[in-house]
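A short write-up of the structure that comes next.
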Amino acid sequence: MNPQTIAIVKATVPALQAHGEAITSHFYRIMFESHPEVKAFFNEAHQAAGSQARALAGAVLAYATYIDRLDEIAGALPRIIQKHAALGVLPEHYPVVGACLLRAIKDVLGDAATDEIIAAWGEAYQSLAALLIAAEEEVYRANAAQTGGWRGEREFRVARREDESEVITSFYLEPTDGGPLLAFSPGQYLTLVLNIDGEPLRRNYSLSDAPGKPWYRISVKKEEGGKASNWLHASAAVGTLLKVQAPCGDFVLQPAGERPRPLVLVTGGVGITPAMSMLESMAHTGRPVHFIHAARHGGAHAFRARVDALAAKHANVKPVYVYDAPRDADRPHATGFVTRELLAQQLPEDRDVDLYFLGPKPFMKAVYANGLALGVPKQQLRYEFFGPLEALEA
């Protein structure tokens, strides 16, 4: 981009700070109205809650702020690239998004969005789109080139399903072509390409078993009003065929190194699913694993029997269960919430751990704040959002 374009885009930062969410909310409205075919790439629950618009507004503002220092926001790009690749975003989708975004900027800002500003933002968008398209192509190419890999959609069969709790069911997926499976990293997810009552949907679900099995396992919570999760629970019987995109995601278990730090996995609710993949992969290695899980009660607690079995077999696995509304027959280790005091009891004194956490946003904000307050290095706190990335420090 030329210096004038950069200067114009940076000059729009105050307007984006004031009107960013209005612009992105309007952007989604006009894009879904004029291009309904792209709705399948977006979760309507995140749209209804406003989290998608807030996240995009934050991303647009960050891009404008650091357009001359993109290294400052480079850390956010892998998640975006992986998410796009998981959903199957293609080069032809970018002109649709660009045209609707420029129109939204013009509609919301009115006469303040001069032709010069719109032209500058058009150039800035094209530059970013080119970067993302190239990076996503690398992901597609790499996945297809590996043993068991593929590009686009692959057909799988539900080989088995098991209830893990009153609200979470596991689905074991095997490829109908009988071929090998692409290896994945613990913490990654699959995208199911669904069509429910004539409505196309794409949904991400974390892989909940260790790599190297002859299946992929996803464990799905039945969400109130969730179209995909309710359909899976009600209709995805053994033998059901599903279209699946290759595993993606950058919230992955990092290599332990020669002197592995203790691994602390802190999860709430269905956030347990990627942690199970990490636990299944690490339990046999001898690396200390502190597995802290929060649930409403025993009926909502998935995988307890499996985690207990791993702990009984491997002395390095130390589970702690916390219920905030226990039933009479429940036997959690603690009641209430995952407090700073509880977390402190599970961490070594030097706080030199790798702490991964996932769950509802309030839970994650608390774990993040408590981890920092207890002295866990910020770069050793790792987390993922089920939906759009939002701030934990607010």
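It should be emphasised that the depicted structure is a prediction, and the values quoted were computed from it without experimental measurement. Residue numbers count from 1 along this sequence.
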Step through it carefully: locate the ring centre of F171, locate the ring centre of Y205, and say whether they are under 6.0 Å apart. no
Looking at R327 and E166, is any side-chain nitrogen of the basic one under 4.0 Å from a carboxylate oxygen of the acidic one? yes
Tell me whether the count of non-hydrogen atoms from other residues, nucleotides or ligands lying under 6.0 Å of CG in D177 goes above 12. yes
Verdict with reasoning, K213 to E174, per salt bridge (Lys or Arg N to Asp or Glu O under 4.0 Å): CA-CA 10 Å; K213 306 289 180 67; E174 297 178 356; over 6 Å; no
Quick check on E92: does its CD atom have over 12 non-hydrogen neighbours (other residues, nucleotides or ligands) under 6.0 Å away? yes
Plane angle bin for F357 and Y368 - parallel if under 30°, tilted between 30 and 60°, otherwise perpendicular: tilted
Which of these, L355, V353, L343, sits in a side chain to side chain contact (heavy atoms under 4.5 Å, CB included) with L374? L343
Shortest non-hydrogen pair, A113 vs I105, comes out as CB-O, 4.0 Å
Are the aromatic ring centres of H293 and Y321 under 6.0 angstrom apart? no
Report yes if some heavy atom in the side chain of L310 is under 4.5 Å from a heavy atom in the side chain of E280; otherwise report no. yes
Return the minimal non-hydrogen interatomic distance between M1 and E123, and the atom names on each side. CA-OE2, 3.4 Å
So, do H290 and V320 sit near enough that their side-chain heavy atoms are less than 4.5 Å apart? no
Which side-chain hydrogen bond (donor to acceptor under 3.5 Å, both in side chains) pairs, counting each pair once, include a residue from residues 242-252, with sequence neighbours left out? none
For R217 and S208, what are the C-alpha separation, side-chain angles and deciding distance, and is it a side chain to side chain donor-acceptor pair (under 3.5 Å)? CA-CA 6 Å; R217 184 179 74 185; S208 61; 2.9 Å; yes
Hydrophobic cluster identity match, L87 and L173, side-chain contacts under 4.5 Å: no
Between L207 and L279, is there a shared hydrophobic cluster once you connect ILVMFWY residues whose side-chain heavy atoms come closer than 4.5 Å? no
Pairs flagged by salt bridge (charged side-chain N to carboxylate O under 4.0 Å, His left out) wherever residues 187-196 is involved - sequence neighbours left out: none
Is K221 salt-bridged to E164, cutoff N-O under 4.0 Å? no
More than 12 heavy atoms of other residues, nucleotides or ligands under 6.0 Å from CD of E224: yes or no? no
Q17 atom CD: more than 12 heavy-atom contacts under 6.0 Å: yes
Counting only heavy atoms not in K10 (residues, nucleotides, ligands), do more than 12 fall under 6.0 Å from its NZ? yes
Do you know which two heavy atoms are closest between Q254 and R287, and how far apart they sit? O-NH1, 4.5 Å
For the NZ atom on K39, are there more than 12 heavy atoms of other groups (residues, nucleotides or ligands in this structure) within a distance under 6.0 Å? no
Should F184 and V252 be regarded as members of a common hydrophobic cluster, given that ILVMFWY residues are connected when their side-chain heavy atoms come within less than 4.5 Å of each other, either directly or indirectly? no
Donor-acceptor check, side chain of S165 to backbone of I168, threshold 3.5 angstrom: yes or no? yes
What do the steps show when you test E223 against S229 for side chain to side chain donor-acceptor pair (under 3.5 Å), and what is the final call? CA-CA 6 Å; E223 301 281 1; S229 66; over 6 Å; no
Working note: F42 + M31, criterion side chain to side chain contact (heavy atoms under 4.5 Å, CB included); need CA distance, chi angles, decisive distance, verdict. CA-CA 12 Å; F42 299 88; M31 183 171 67; 3.8 Å; yes
Geometric class of the F156/W150 ring pair [parallel <30°, tilted 30-60°, perpendicular >60°]: tilted
Between D330 and R304, does any side-chain N to carboxylate O distance fall below 4.0 Å? no
Does any pair with a residue in residues 57-94 pass ring pair (Phe, Tyr, Trp, His ring centres under 6.0 Å), and if so which ones, sequence neighbours excluded? F41-H93
Shared hydrophobic cluster for L70 and L16 (ILVMFWY, side-chain gaps under 4.5 Å): yes
Show your reasoning for whether salt bridge (Lys or Arg N to Asp or Glu O under 4.0 Å) applies to R29 and E33. CA-CA 6 Å; R29 281 195 298 272; E33 288 172 2; 6.0 Å; no
Common cluster, L192/V38, ILVMFWY with side-chain heavy-atom separation under 4.5 Å: no
